[in-house]
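Reviewing the structure listed below.
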Protein chains: 2
Amino acid sequence: MYRQPAHRSQSAHEGWRTPDVARSGELEALIALEQIGTRLRFSRNQEIYAQGESGGFWCQVVAGAVRITKLRSDGRRHIAEFCFTGDAFGLDRAAEREFSAEAVVDAVVMRYPRAATERLIDNNPVVARLLRDMTLKSLAAAQSRLALLGRTTAGERVASFLLELSERSDDRKRVELPMCRCDIADYLGLTAETVCRELSDLKRRKVIEVSPHSVRLLERFTLEAIGDE
Amino acid sequence: MYRQPAHRSQSAHEGWRTPDVARSGELEALIALEQIGTRLRFSRNQEIYAQGESGGFWCQVVAGAVRITKLRSDGRRHIAEFCFTGDAFGLDRAAEREFSAEAVVDAVVMRYPRAATERLIDNNPVVARLLRDMTLKSLAAAQSRLALLGRTTAGERVASFLLELSERSDDRKRVELPMCRCDIADYLGLTAETVCRELSDLKRRKVIEVSPHSVRLLERFTLEAIGDE
DNA sequence: CGCCAGTTTGACCAAGATCAACGCAAGTGG
DNA sequence: CCACTTGCGTTGATCTTGGTCAAACTGGCG
């Protein structure tokens, strides 16, 4: 999995970097993309786009966190994805949005119009590759989450959620939880109460320390044993 | 969702067609792709590629059905996807395969080497677009399945599974089930027994008729009511 | 200080898993 | 051709996990 560098810039380019050596033309591609994009600011719980809207653009998180959610007619909510700095979202090209996107905390987002992006793609293979890599990354993430939701216990889900966040954290031992418990629950297919209980259980077993918006990982190894199994 | 034409050819191009008018250069793109591909035949339950292998190629189903599975160390299995005629699979470009692919029934598959595909992509925007469309389609499918696995009851899962298959079936009222009950169970995150019970329940309520490898939809409307809700 | 949203904990309940038995059709070998 | 096996499918009885409901707690913030 792609790791964030320890020192982050606030540049809109953040997250575009690939682990391998940059290919020729990549910088130009990034500049071209930045030129068609708009930088936007959203406050906590503000909607970025809504389920059912037409999707004339896609986005990338510059700072903060975004949740991609689906609300069912009976009120049940599902969170498909949490997006952090560097993550792209809203790439799908369906006629209308299947999901809505909301800021979990105050966030900065680059928004790219789809039509202009298409033109760039057709004229610049490097842009095409960037976009495809991002899409493939989303696909891989979605598929590994499918395996998680399909066949795992509540404990396993919570453990691998913490590990997933810690992979993306600056400090491997400390995980920030910008979202509330019911967001986590809707992401993991559990209830907020069960998430609480599993966190408390891990706390009782001295695997983690818990506070409402952050967790300290005391025994990563134990967590991994729970999460993989 | 994209519907199969009523009359199918056995051409490797099957499934490439898009609902809108073909873009210029599309035929050339398809021919170029076909030239780098190999046509392969697999028998029931035969492995197409294995979890952990290096993924130097991607595939497309020409005939039959393929399941994309992940086996966990403790024996629990998860099926990420069933692929039918026209579906692409193994697109991800990770160092090694996260999932394995197996023929559900005897199947014909086109296999495309990744390196040659990359060259085509860089030289031909139409090929790039085709590949990206397929990837986006897989992504959309994975995300809507996430919502399904996250927050639904056994009955809802079975109902929407039947509807999903009927969307892709020639005869809207008759669904073929090439896979066994435990495949369905591993796909829906249930047990084979629960799948059976839900099917029996729908049968009892005269919504469907069931035989081991096919289902007749008597009351599609009821099924939709169960599936959406 | 008191309020409020979010978190935590407990008691109870139900959906679905597990375990077990049986049915049934397609091989297989004598 | 018929016993026997084998792999699925179906059904029932019981148990467990996690959901539901309710109440107490906590930390920010006006």
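Each chain gets a letter, A, B and so on, in the order its sequence line appears, and its residues count up from 1. Atom set for the values below is all heavy atoms of this structure, side chains included, hydrogens, waters and symmetry mates excluded.
- Put simply, the side chain of A:R197 and the base of C:dG10 share a donor and an acceptor less than 3.5 Å apart.
- Atom P of nucleotide D:dT17 and atom CG of B:L190 are separated by 18 Å, given to the nearest angstrom.
- If you check C:dT8, D:dG9, D:dG18 against the side chain of A:A154, the one that comes closest is D:dG18.
- Rounding to whole angstrom units, CZ of residue A:R204 and P of C:dG10 are separated by 8 Å.
- Considering only heavy atoms from C-beta on, B:R204 comes within 4.5 Å of B:D201 through its side chain.
- Residue B:T194 places none of its side-chain N or O atoms closer than 4.0 Å to OP1 or OP2 of C:dG16.
- Residue A:S144 holds its OG atom at 7.0 Å from CZ of B:F99, rounded to the nearest 0.5 Å.
- Rounded to an integer number of Å, the gap from A:L202 CG to C:dT8 C1' is 15 Å.
- Between the NE2 atom of A:H213 and the C1' atom of D:dG27 there is a distance of 10 Å, given to the nearest Å.
- A:E156 has a carboxylate O that lies under 4.0 Å from a charged side-chain N of B:R76, or vice versa, which qualifies the two as a salt bridge.
- Of the candidate nucleotides C:dT7, C:dT9, D:dG18, C:dT9 has the atom lying nearest to any side-chain atom of A:S200.
- Ranking D:dT11, C:dT7, D:dT20 by closeness to the A:T191 side chain, first place goes to D:dT20.
- Summarising the geometry, the separation between CE on B:M179 and C1' on D:dG7 is reported as 18 Å, rounded to the nearest angstrom.
- Counting non-hydrogen atoms under 4.0 angstrom, B:C180 reaches the backbone sugars and phosphates but no base.
- Contacts of B:G155 with the nucleic acid, taken as non-hydrogen atoms under 4.0 Å apart, are absent.
- Mapping B:K203 and B:R44 onto DNA chain D via the closest heavy atom, the residue that lands nearer the 5' end is B:R44.
- Look at CG on B:D74: it is 15 Å from C1' on C:dA17, rounded to the nearest Å.
- The distance from atom CD of A:E209 to atom P of C:dT8 is 14 Å, rounded to the nearest whole Å.
- Between A:R77 and A:D186 there is a salt bridge, since a side-chain N of the basic residue sits under 4.0 Å from a carboxylate O of the acidic one.
- Side-chain atoms of B:E198 lie closest to C:dG16 of the nucleotides C:dA20, C:dT9, C:dG16.
- Distance B:I184 CD1 to D:dT10 P: 9 Å, rounded to the nearest Å.
- For the residue pair B:S169 and B:R174, no side-chain donor N or O sits within less than 3.5 Å of a side-chain acceptor on the partner.
- Counting any heavy atom pair closer than 4.0 Å across all strands shown, B:L199 reaches no nucleic acid atom.
- For the pair A:P212 and A:R151, both in contact range of DNA chain C, the more 5′-proximal nearest nucleotide belongs to A:P212.
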